[in-house]
2 protein chains.
Amino acid sequence: MSRRPKSATLPSSDGFARSDNRRTLLLDEAARLFGARGYDSTSMRDIATAVGMLPGSLYYHFPSKEDLLVAVYTIGIDQMQEAVLAAVARESDPWKRLEAAAAAHLSTLLDTSGYAAAVVADWPSPAGSVRDQLVRQRDRYEETFRELVADLPLGPHQDRQFLRLALLGALNWSLAWYKSNGDSPETIARRLVAQFRAD
Amino acid sequence: MSRRPKSATLPSSDGFARSDNRRTLLLDEAARLFGARGYDSTSMRDIATAVGMLPGSLYYHFPSKEDLLVAVYTIGIDQMQEAVLAAVARESDPWKRLEAAAAAHLSTLLDTSGYAAAVVADWPSPAGSVRDQLVRQRDRYEETFRELVADLPLGPHQDRQFLRLALLGALNWSLAWYKSNGDSPETIARRLVAQFRAD
DNA sequence: CCTACCGATCGGTAGG
DNA sequence: CCTACCGATCGGTAGG
């Protein structure tokens with residue numbers, strides 16, 4: 001459940017630590033590219049160039065492109081989960097808790113690292129054998145939002161299932177229109193959540 | 001502003017009409033594949049196979065894959081625009097108008113033809129020279145929603161810009177979770193809109 | 001992690 | 001719209 005491969009902080013005096021630093025760099029660049037262009041539109045050569053390796057060398061670290069995606073995806077989900085849980089723990093009012101969760105979700109999603117963006121950008125995409133595994137990770141993450149919505153006092157037209165779907169859609173779709181020169185992700189998240197407040 | 005290339009309804013007794021039927025079939029299959037898998041993940045060979053041509057033959061109808069996307073995209077936007085305007089014209093209450101627009105948007109988006117789905121699935125993607133053209137078409141379409149939201153009586157926490165962004169996000173993101181065996185697109189759209197009603 | 005390479009697939013074209 | 005083909009690029013591998 002750590003955000004980054006743990007050994008990235010080891011001393012670099014031996015081959016193992018250096019190898020791990022390269023692995024971390026590789027993951028970072030893969031996340032950035034998958035997050036910005038999507039899995040299918042990113043080639044192993046793109047990643048190799050970004051990280052300063054030759055294409056074949058990537059396979060020393062990951063057996064396939066799909067395995068690389070799974071690693072990025074898992075870190076991305078963990079980052080969001082960790083950020084949301086930490087943010088929610090500081091609040092007690094149900095709407096304030098949801099606001100905090102949305103702000104954490106969005107600032108992780110829109111940060112430049114791209115790990116969380118890779119998760120959202122490739123939401124339905126990878127049709128291969130890893131698909132079920134990725135979907136399960138997402139479902140587990142969304143469970144937190146289900147619980148947050150369960151505590152909300154609702155207006156007469158609202159229901160919990162579609163409030164959750166509408167909110168997550170509003171948040172995730174911001175990837176399509178967000179420009180980093182305007183409101184901060186936190187501000188955007190709070191203003192999006194505000195549209196669902198009936199009181 | 002027609003939904004389909006007009007000549008698809010011409011008699012098939014000469015070469016021109018037959019050629020146009022093939023062109024329409026080609027567009028239909030391209031839309032279905034772009035909508036389901038996205039532009040980058042669909043090859044010209046996929047489309048050729050679906051339409052029963054050889055790969056090189058596609059270039060008799062469209063000079064490039066990008067031109068094919070632009071044609072699909074334009075039809076997709078036109079379909080949504082037409083459906084929304086027709087639906088809105090039947091209502092006068094502001095919320096009922098927005099509901100009707102959302103229902104029209106979503107049933108076009110989730111129908112099996114894939115034209116509108118191709119628009120939404122490749123929202124940020126095509127980075128090439130056609131990008132600006134596609135973005136302009138979308139912006140024009142979203143103008144209708146801007147006007148619909150302008151007529152709404154709002155709650156104390158709401159504002160028109162973010163209500164529009166949140167609603168369109170909630171609607172478009174349904175592509176990520178919609179399964180055709182549950183609620184109808186119209187029902188889903190109305191329930192999503194209901195989450196924003198403060199009264 | 002590099003060298004050197006593989007077969008498959010990609011968008012696209014000339015000529016008919 | 002087919003035949004026949006192009007150079008470029010793809011994910012991936014053997015051997016060191």
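In what follows, chains carry the letters A, B, and so on, assigned in the order in which the sequence lines appear, proteins first and then strands, with residues in each chain numbered from 1.
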Restricting both atoms to N or O, compile the protein contacts to nucleotides 7-11 of chain C shorter than 3.5 Å, with distance only.
| from | atom 1 | to | atom 2 | distance (Å) |
| --- | --- | --- | --- | --- |
| dC10(C) | OP1 | S43(B) | OG | 3.3 |
| dG11(C) | OP1 | K65(B) | NZ | 2.9 |
| dG11(C) | OP2 | M44(B) | N | 2.9 |
| dG11(C) | N7 | R45(B) | NH1 | 2.7 |
| dG11(C) | O6 | R45(B) | NH2 | 2.9 |

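Counting to the nearest Å, the C1' atom of dG16(C) and the OH atom of Y60(B) are 14 Å from each other. Put simply, NE2 on H61(B) is 7 Å from C1' on dC1(D), counting in whole angstrom units.
Stem analysis of DNA chain D (Watson-Crick or G-U pairs, both distances under 3.5 Å, runs of at least three) returns C:1-16 with D:1-16.
Between R32(A) and T112(A), the shortest heavy-atom contact is CG-O, 4.1 Å.
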Applying salt bridge (Lys or Arg N to Asp or Glu O under 4.0 Å) to E143(A) and R140(A), what does each step give before you reach the verdict?
CA-CA 5 Å; E143(A) 192 54 40; R140(A) 188 163 47 81; over 6 Å; no
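By the 30° and 60° cut-offs, the orientation of the rings of H105(B) relative to Y141(B) is parallel.
For W123(A) and W173(B), the ring centers sit closer than 6.0 Å to each other.
The backbone N or O of R146(B) lies less than 3.5 Å from no partner atom in the side chain of R164(B), so there is not a single donor-acceptor pair.
Toward the 5′ end of DNA chain D lies the nearest nucleotide of P55(B), the other residue of the pair P55(A) and P55(B) mapping further downstream. Mapping G56(B) and M53(B) onto DNA chain D by nearest heavy atom places M53(B) at the nucleotide closer to the 5' end.
Taking CG of L134(B) as the start and CZ of R136(B) as the end, the distance is 9.0 Å to the nearest 0.5 Å.
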Side-chain donor/acceptor pairs under 3.5 Å, residues 189-199 of chain B, sequence neighbours excluded:
| from | atom 1 | to | atom 2 | distance (Å) |
| --- | --- | --- | --- | --- |
| R190(B) | NH1 | E99(B) | OE1 | 2.8 |
| R191(B) | NH2 | D159(A) | OD2 | 3.1 |
| Q195(B) | OE1 | D159(A) | N | 3.2 |
| Q195(B) | NE2 | D159(A) | OD1 | 2.9 |
| Q195(B) | NE2 | R191(B) | O | 2.9 |
| R197(B) | NE | D199(B) | OD1 | 3.4 |
| R197(B) | NH2 | D199(B) | OD2 | 3.2 |

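Residues D46(B) and S43(B) have side chains that bring a donor and an acceptor to within less than 3.5 angstrom of each other.
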